[in-house]
Amino acid sequence: MPPEPGAWGTDAPEAEPQVDVLVPTFGRPAALAITLAGLAAQQYVRLRVIVSSQDHSDFTSEVQAIAGVLRAQDRIVELGHHLPRRGLAEHRQSLLDRVRAPYALFVDDDVVLEPDLVGRLVAAIERERCGFVGSALLGWSFVDDVRPDEERIELWDGPVKPERVTPGGAGWQRHRLHNASNLLHVARRLDVPRWPPRLYKVAWVGGCVLYDAAALRDAGGFEFWRDLPASHVGEDVLAQLRVMARAGGAGLIPSGAWHLELPTTVRDRTVDAPLALSID
């Protein structure tokens, strides 16, 4: 059975948050409000939400309203700005530096979480004691787009163990499973239940990843930002590869995280962190 959801407005003050939810954002106030609404709907209570913006126009009335709803549920919400902009990795590291909880959930600012997702992620990482568990993003417009050639999945049948995955090496092609809505189709075909949590092997997971905060720090976090130009991508991939090599990582199926499919705000994608730097 899944853990019983706490009652809003009663449980959070009695204990320190177990999960710090970290939302880096830039220039997407409408999407950010939707993402926060998904967090407000979470059955899992013991979380703190930290939103870090690099655009002074992000905290609109809609964002403030949903932040108010979260606070009315006795959840801690921190809205702040982080400037000047020094790149995606530096922004993520600034958020990691603020984490006090044992787990850090990075959620992109264009993602909607199903109400039981945080609880399922926490249950999975507590059971496995691994470095991270991620929920790959599903594309709502691809629900009817079935791609059998991209649906290969490697389920973890035992404990999650460390793996060394490198660009182009063994396991790298696992990322194709996260295209479109492939993971949704696999979960339906295999009739995977939502409980207990079921995990599979990954190359990386984008958009919604729960880390053991200590494991992420032990792997260096995102401190490699100093070795990259400000314009780069793939910082989350590199961090996960380093964590996975040391402490293991996995994906959660069924997913429960939906992508809003908005255009990227990162125009210059010339430098890809896992290609530019070693996972060592």
Side-chain angles (χ1 to χ4, degrees), residues 2-26 28-83 90-126 132-135 207-217 221-222 236 239 252 256-257:
E4 288 293 327
W8 285 342
T10 61
D11 286 6
E14 297 177 4
E16 282 294 312
Q18 191 175 21
V19 179
D20 280 341
V21 183
L22 311 174
V23 186
T25 188
F26 173 74
R28 283 178 169 168
L32 175 61
I34 294 172
T35 297
L36 293 179
L39 292 172
Q42 289 303 301
Q43 297 166 347
Y44 190 84
V45 172
R46 292 178 57 194
L47 54 83
R48 175 175 67 137
V49 180
I50 306 174
V51 182
S52 177
S53 169
Q54 296 194 308
D55 186 330
H56 283 295
S57 64
D58 278 337
F59 296 148
T60 60
S61 297
E62 293 85 355
V63 171
Q64 296 285 355
I66 300 300
V69 171
L70 283 157
R71 290 176 179 129
Q73 299 168 346
D74 286 329
R75 284 162 163 165
I76 302 168
V77 182
E78 300 176 9
L79 305 180
H81 294 95
H82 181 70
L83 293 165
E90 191 274 341
H91 197 187
R92 289 185 184 271
Q93 182 61 43
S94 72
L95 280 163
L96 179 59
D97 289 341
R98 298 173 63 182
V99 169
R100 301 193 303 265
Y103 300 115
L105 175 61
F106 275 95
V107 179
D108 285 356
D109 62 359
D110 57 350
V111 175
V112 180
L113 307 186
E114 294 178 0
D116 66 346
L117 181 54
V118 175
R120 292 195 295 127
L121 287 169
V122 171
I125 202 169
E126 286 192 327
F132 71 84
V133 176
S135 190
C208 178
V209 181
L210 180 69
Y211 293 91
D212 179 301
L216 179 55
R217 292 189 182 103
F222 300 89
D236 51 344
L252 181 73

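This one's a predicted model, so the numbers in the text were calculated from it and none came from an experiment. Every heavy atom of this structure was used, including side-chain atoms; hydrogens, water molecules and symmetry mates were not.
For Ser52, the side chain to side chain donor-acceptor pair (under 3.5 Å) partners two or more places apart in sequence, or in a different chain, are His91. Remark: Phe26 pairs with no residue by the ring-ring contact (aromatic ring centres under 6.0 Å, His included) rule, at least two apart or across chains. Scored by the salt bridge (charged side-chain N to carboxylate O under 4.0 Å, His left out) test, Asp236 finds no partners at all (sequence neighbours excluded). Listed by chain and residue number, nothing satisfies the salt bridge (charged side-chain N to carboxylate O under 4.0 Å, His left out) test with Asp58 (two or more places apart in sequence, or in another chain). Remark: Asp212 engages no residue in a salt bridge (charged side-chain N to carboxylate O under 4.0 Å, His left out) (not counting sequence neighbours).
If you take CG on Leu113 and CG on Leu36, they are separated by 10.0 Å, rounding to the nearest 0.5 Å. For the atom pair CD1 of Ile50 and CZ of Phe106, the computed distance is 9.5 Å after rounding to the nearest 0.5 Å. Distance check: Gln93 CD to Leu216 CG gives 7.5 Å after rounding to the nearest 0.5 Å. To the nearest 0.5 angstrom, Leu121 atom CG is 9.0 Å from Asp116 atom CG. With rounding to the nearest 0.5 angstrom, the CG atom of Leu96 is 10.0 Å from the CG atom of Asp20.
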Result block: side-chain N/O donor-acceptor pairs under 3.5 angstrom for residues 60-72, not counting sequence neighbours:
{"residue": "Thr60", "atom": "OG1", "partner": "Glu62", "partner atom": "OE1", "Å": "3.1"}
{"residue": "Arg71", "atom": "NH2", "partner": "Val77", "partner atom": "O", "Å": "3.1"}

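Minimum heavy-atom separation, Gly256 to Leu117: O-CD2, 3.3 Å. Thr35 approaches Val111 most closely through the heavy-atom pair OG1-O, 2.9 Å.
With hydrogens and angles ignored, the 3.5 Å screen pairs no side-chain donor or acceptor of Asp109 with any backbone N or O of Val23. Without hydrogens or angle criteria, Arg46 side chain to Glu16 main chain gives a donor-acceptor distance under 3.5 Å. Without hydrogens or angle criteria, Gln42 side chain to Glu114 main chain gives a donor-acceptor distance under 3.5 Å. A donor-acceptor pair is defined here as one N or O able to donate and one able to accept, closer than 3.5 Å; such a pair exists between the side chain of Gln54 and the backbone of His82.
Contact of the Thr25 side chain with the Asp55 side chain is not registered, since no non-hydrogen atoms from C-beta on lie closer than 4.5 Å. Contact check for Leu32 versus Phe59: side-chain heavy atoms found under the 4.5 Å cut-off.
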Working for side-chain contact (heavy atoms from CB on, under 4.5 Å), residues Arg75 and Val45: CA-CA 7 Å; Arg75 284 162 163 165; Val45 172; 4.3 Å; yes
